[in-house]
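Quick notes on the structure that follows.
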Amino acid sequence: MAAIAEPTSFEEPYEAIGVEHRTATIAELWLRPLAGILEYRPGEYVLLADDRGEVPPRSFSVANAPRSDGLISLLVTRVGEGATSLWVHDRLRVGQMASVSGPFGTFVDDPAATAPALFLAAGSGLAPIRALVEAALARPGRRELTLVFSARTEADVIDRERFGQWQAEHERFRFIRTLTRATGPHARGRIPALLPELSADLSGHDVFVAGAPGFVRACATAAEALGARRERVKTEVFFVEPQPWTGEPAQVRQPT
Ligand SMILES: Cc1cc2nc3c(=O)[nH]c(=O)nc-3n(C[C@H](O)[C@H](O)[C@H](O)COP(=O)(O)OP(=O)(O)OC[C@H]3O[C@@H](n4cnc5c(N)ncnc54)[C@H](O)[C@@H]3O)c2cc1C
């Protein structure tokens with residue numbers, strides 16, 4: 001069992017070096033550290049805000065494994081009327097500053113684990129999962145890794161090429177995309193219904209699930225029904241916290 005991360009005092013300026021609209025609703029933001037480099041474990045999240053205190057800090061999972069140059073990427077879903085997600089999607093430009101603090105979270109892997117791992121993600125829930133898979137593949141070993149990514153349509157599938165390449169390079173990695181709003185035999189449908197076809201017995205697996213609350217709950221329940229042990233089903237729920245925003249400078253806080 002991984003230790004719970006202690007809140008740190010890390011809060012540093014970062015520069016946006018890329019804002020790419022990956023799908024109709026998800027933007028990928030690449031950030032470069034201008035001062036200190038954030039030390040984090042794959043799967044953890046940060047609080048992101050603007051550097052002027054005009055948008056509130058919000059939690060976003062880091063979508064890449066730690067790099068020596070300190071670059072981090074975030075996958076940000078556009079939320080209707082959402083203060084920070086709309087800032088990222090509509091106003092943040094390359095060259096502008098952002099504030100990053102953290103890291104936070106318990107959605108981390110045991111680097112010494114050898115049990116097969118099943119990763120389940122939907123939408124921007126792919127962010128921490130991508131970091132975890134990238135880190136796991138960088139470690140030597142024979143641990144089998146399966147990533148199942150749920151998207152509405154083919155146009156919503158992020159990183160198909162990247163995962164195809166990882167699959168070609170690593171025999172122990174399998175990537176499966178499943179579509180929930182497409183028809184035909186290759187759509188596959190929702191993950192909870194698909195899981196029994198992929199594995200009849202998950203009792204020996206570590207399971208990681210990330211995304212919106214309903215998705216995470218349904219996948220965790222389905223995994224446990226196939227024998228996954230509750231203490232080995234790790235979840236990261238991207239709950240949305242509506243908060244009154246006063247326009248006062250942002251107070252970085254530890255989310256509850
Ligand atoms: C651990 C964790 C990790 C996360 N990781 C990610 C990630 O990797 N990617 C990602 O995209 N998201 C992630 N999230 C969600 C993210 O933190 C934000 O909640 C999300 O981006 C919305 O923030 P926002 O500022 O855009 O919206 P907010 O301004 O917080 O608004 C949220 C919703 O509340 C409504 N609302 C706001 N104010 C009011 C009001 N006064 N009255 C009524 N309704 C109101 C808005 O219309 C909107 O629908 C994560 C959440 C958690 C907890």
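Every number for a ligand or one of its atoms is a count from 1 in the order of the listing. Numbers for residues simply follow the sequence, beginning at 1. Nothing here was measured: the structure is a model prediction, and the numbers come from that model.
- A heavy-atom separation below 4.0 Å is found between Val76 and ligand 1.
- Considering backbone and side-chain atoms alike, Tyr45 places every N or O at 3.5 Å or more from each N or O of ligand 1.
- In the hydrophobic cluster analysis, where Ile, Leu, Val, Met, Phe, Trp and Tyr join through side-chain heavy atoms closer than 4.5 angstrom, Leu29 is grouped apart from Ile26.
- Within the structure, the closest approach of Gly80 to ligand 1 falls below 4.0 Å when heavy atoms are considered.
- In this structure, Glu144 does not pair ionically with Arg174, as no charged nitrogen and carboxylate oxygen lie closer than 4.0 Å.
- Atoms of ligand 1 found under 4.0 Å from any heavy atom of Ser124, numbered from 1 in the order shown, are 9 (N), 10 (C), 11 (O).
- The existence of a salt bridge linking Arg52 and Asp50 is excluded, since no basic side-chain nitrogen approaches an acidic carboxylate oxygen closer than 4.0 Å.
- Salt bridge Glu28/Arg130: present, at least one basic N to carboxylate O contact under 4.0 Å.
- In this structure, Val108 and Lys234 approach most closely via the heavy-atom pair O-NZ, 2.9 Å.
- Neither the backbone nor the side chain of Val55 has any atom closer than 4.0 Å to an atom of ligand 1 (non-hydrogen atoms only).
- Using a 4.5 Å heavy-atom cutoff, the side chains of Arg232 and His205 are not in contact.
- Here's the thing with Ala83: one of its N/O atoms is less than 3.5 angstrom from an N/O atom of ligand 1.
- Near Val237, meaning under 4.0 Å from one of its heavy atoms, ligand 1 places the atoms 52 (C), 53 (C).
- Residue contact check: Val240 has heavy atoms under 4.0 Å from atoms 19 (O), 32 (C), 33 (C) of ligand 1.
- Considering every non-hydrogen atom in both Leu195 and Ala222, the closest pair reads CD1-CB, 4.0 Å.
- Of the options Ser61, Pro128, Ser59, Ala63, the smallest heavy-atom separation from atom 52 (C) of ligand 1 is shown by Ser59.
- Under a 4.0 Å criterion applied to the non-hydrogen atoms of Val79, ligand 1 contributes the atoms 22 (C), 48 (C), 49 (O).
- For atom 6 (C) of ligand 1, the choice among Trp87, Phe238, Phe107 with the nearest heavy atom turns out to be Phe238.
- Distances below 4.0 Å separate heavy atoms of Gly82 from the following atoms of ligand 1: 24 (P), 26 (O), 27 (O), 28 (P), 29 (O), 31 (O).
- Residue Phe104 does not touch ligand 1, judged by heavy-atom distances below 4.0 Å.
- The residues Asp159 and Arg22 are annotated as salt-bridged, a charged nitrogen and a carboxylate oxygen being separated by less than 4.0 angstrom.
- Between Glu236 and ligand 1, no N or O atom pair is found at a separation short of 3.5 Å.
- With hydrogens and angles ignored, the 3.5 Å screen pairs no side-chain donor or acceptor of Thr178 with any backbone N or O of Ile191.
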